[in-house]
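Working notes for the structure below.
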Amino acid sequence: MNTDLSALGQLALEAAQQGRDVITAAQLEGGFAIRTKSSHRDLVTDVDTAAERAMTGFLRQHRPHDAILGEEGGQLEGSGNVRWIIDPIDGTTNFAHGRADFAVAVAAEMDGVSVASAIIRPATGRWIACDETGVVVSSHGTPSVSTADELSAALVSVSVSISEERRPLTLSTLVRLLPEVRDFRRTGSTSCDLFDVATGALDAYIGIGTKPWDVAAGWAAVQASGGRCLAFPVADGQTAYVLGTPGVAERAAALVEEHSAAFTATQNSTRQREASRSVVATKAATSRSTTTSGAPREAPPATAASPHPQPSSEHRRKGPRR
């Protein structure tokens, strides 16, 4: 596919095509193995791993000295200032359930900044790619973020974490946002959401604790399409990502930051109350135990001797069972 992209951008697109071809072939053959990783919500298929192998091999062939970070394969070290970040199927749960919202995502980082990328959506054939010079191209012309400038007119995506620890914050953030925005959508794939932000179909994306391979390709694409990309720390050391049109992203980020601070304060207060109750309960239990063990005990009442001797316990165990 000929484009006006630089070498990095073109290579990102071609690597993503390698992954797409593996996925398409697997779908035509039918059937694939599914297993879980960190939890029952965290799925991976053998198509994920096969697609990542194909993409990694392609990149190693063309740029053998670059580092590579893959969702399934982990980190391969390199000697230069470029690192490739691969998500072979972003939206594996959708893919495993036969849904269309999944994507192949590849990004090139230079000195830790995502500058070139490609996202392909195999179910629709749509794609977007960009490079470090600011060139951005897509299957449907030159992409651009929407013109939305106010939260009240914004259609936003909120990524709901699969982590039991982070879910309360992401769900409460969604509840806090709902009165402020036009509406929200959740595809279950960050790359698909950011594809839509970059092409104007969504006005903003919000994710908390999003993984590097989920957000790297979309970060470069949204930025190249005229969007604003923000990342900042929130509760429990997590990072919040807000990407969208400049006006919407700024307003959404302020709201997310404010809500996260309030959520954290409430959670800390709740933990302190629970800890205090636990201490009080422990002291009360200790007090009762001390009082019981320290009190004088009365001797058991005397019983009259039985006129008939009782069999021993050993004898009773050996006796006939009724």
Side-chain angles (χ1 to χ4, degrees), residues 1-26 47-48 50-71 73 76 78 80 82-91 95 100-110 113-145 189-201 212-227 229 243:
M1 185 181 298
N2 295 321
T3 67
D4 294 326
L5 296 166
S6 71
L8 283 181
Q10 184 66 33
L11 199 60
L13 181 56
E14 292 175 4
Q17 289 168 339
Q18 295 287 319
R20 177 206 58 194
D21 292 345
V22 170
I23 294 167
T24 302
V47 185
D48 291 74
E52 185 172 307
R53 280 197 303 271
M55 296 159 74
T56 300
F58 177 83
L59 290 170
R60 278 295 201 202
Q61 178 185 351
H62 288 82
R63 293 184 63 94
H65 302 298
D66 291 348
I68 299 176
L69 173 64
E71 178 180 8
L76 296 176
V82 174
R83 180 174 75 157
W84 296 90
I85 301 179
I86 298 173
D87 195 339
I89 303 180
D90 185 16
F95 173 72
D101 285 317
F102 63 92
V104 183
V106 184
E109 281 184 345
M110 295 183 69
V113 178
S114 183
V115 296
S117 72
I119 300 172
I120 298 179
R121 302 176 72 163
T124 63
R126 298 190 67 186
W127 58 268
I128 187 172
C130 65
D131 67 22
E132 73 278 13
T133 70
V135 173
V136 57
V137 293
S138 79
S139 53
H140 290 62
T142 303
S144 175
V145 298
S189 165
T190 293
S191 293
C192 287
D193 289 340
L194 294 178
F195 182 106
D196 285 345
V197 172
T199 57
W213 44 78
D214 293 324
V215 75
W219 182 285
V222 169
Q223 200 160 50
S225 299
C229 302
L243 298 86

Q | Value rounded to 0.5 Å, distance of OG in Ser6 from CG in Leu11 | A | 9.5 Å

**Q.** Nearest heavy atoms of Ser117 and Ala217, plus distance in Å
**A.** OG-O, 2.8 Å

Q.
Both conditions, 6.0 Å and 45 degrees, for the charged tip of Arg126 above the ring of Phe195: are they met here?
A. no

Q. Roughly how far, to the nearest 0.5 Å, is the CZ atom of Phe102 from the CD1 atom of Ile120?
A. 11.5 Å

(Q) Working to the nearest 0.5 angstrom, can you tell me the gap between Asp66 CG and Glu109 CD? (A) 11.5 Å

Q: Please tell me if the side chains of Trp84 and Met55 come closer than 4.5 Å, counting only heavy atoms from C-beta onward.
A: no

Q.
Using only atom types and a distance under 3.5 Å, with no angle test, would you say the side chain of Thr199 pairs donor to acceptor with the backbone of Pro143?
A. no

Q.
For a 4.5 angstrom cut-off between non-hydrogen side-chain atoms, does Leu59 reach Ile86?
A. yes

Q: Rounded to the nearest 0.5 Å, what's the gap from CG on Leu8 to CG on Leu13? Could you check?
A: 13.0 Å

Q: For Ala220 and Ala116, work out which heavy atoms get closest and say how close.
A: CB-N, 4.1 Å

Q: Determine, stepwise, if the pair Trp219 / Leu194 fulfils side-chain contact (heavy atoms from CB on, under 4.5 Å).
A: CA-CA 7 Å; Trp219 182 285; Leu194 294 178; 5.8 Å; no

Q. Is a side-chain N or O of Arg121 found less than 3.5 angstrom from the main chain of Gly125, in a donor-acceptor match?
A. no

Q: Identify the heavy atoms of Ala108 and Val82 that sit nearest to each other, and give their distance.
A: CB-CG1, 4.5 Å

Q. Ser139 side chain to Trp127 main-chain N or O, any donor-acceptor pair under 3.5 Å?
A. yes

**Q.** Any donor-acceptor pair under 3.5 Å from Ser138 side chain to His140 backbone
**A.** yes

Q. Quick one: are Trp213 and Leu69 in side-chain contact, heavy atoms under 4.5 Å?
A. yes

Q) Are a donor atom and an acceptor atom from the side chains of Asp90 and Ser191 found within less than 3.5 Å of each other? A) yes

Q: Grab the two heavy atoms, one from Glu52 and one from Gly73, that are nearest each other, plus how far apart they are.
A: OE2-N, 2.6 Å

**Q.** Least distance between heavy atoms, Asp131 atom then Asp4 atom
**A.** OD2-O, 4.1 Å

Q | Atom pair OG1 (Thr56) and CD (Gln61), whose distance is rounded to the nearest 0.5 Å | A | 12.5 Å

Q. Say you draw a straight line from CG of Asp193 to CG of Asp101; how long is it, rounded to the nearest 0.5 Å?
A. 8.0 Å

**Q.** Side chains of Val215 and Leu243 in contact at under 4.5 Å (non-hydrogen atoms)
**A.** yes

Q: Quick one: closest heavy-atom pair of Ile23 and Pro122, and the distance?
A: CD1-CG, 4.4 Å

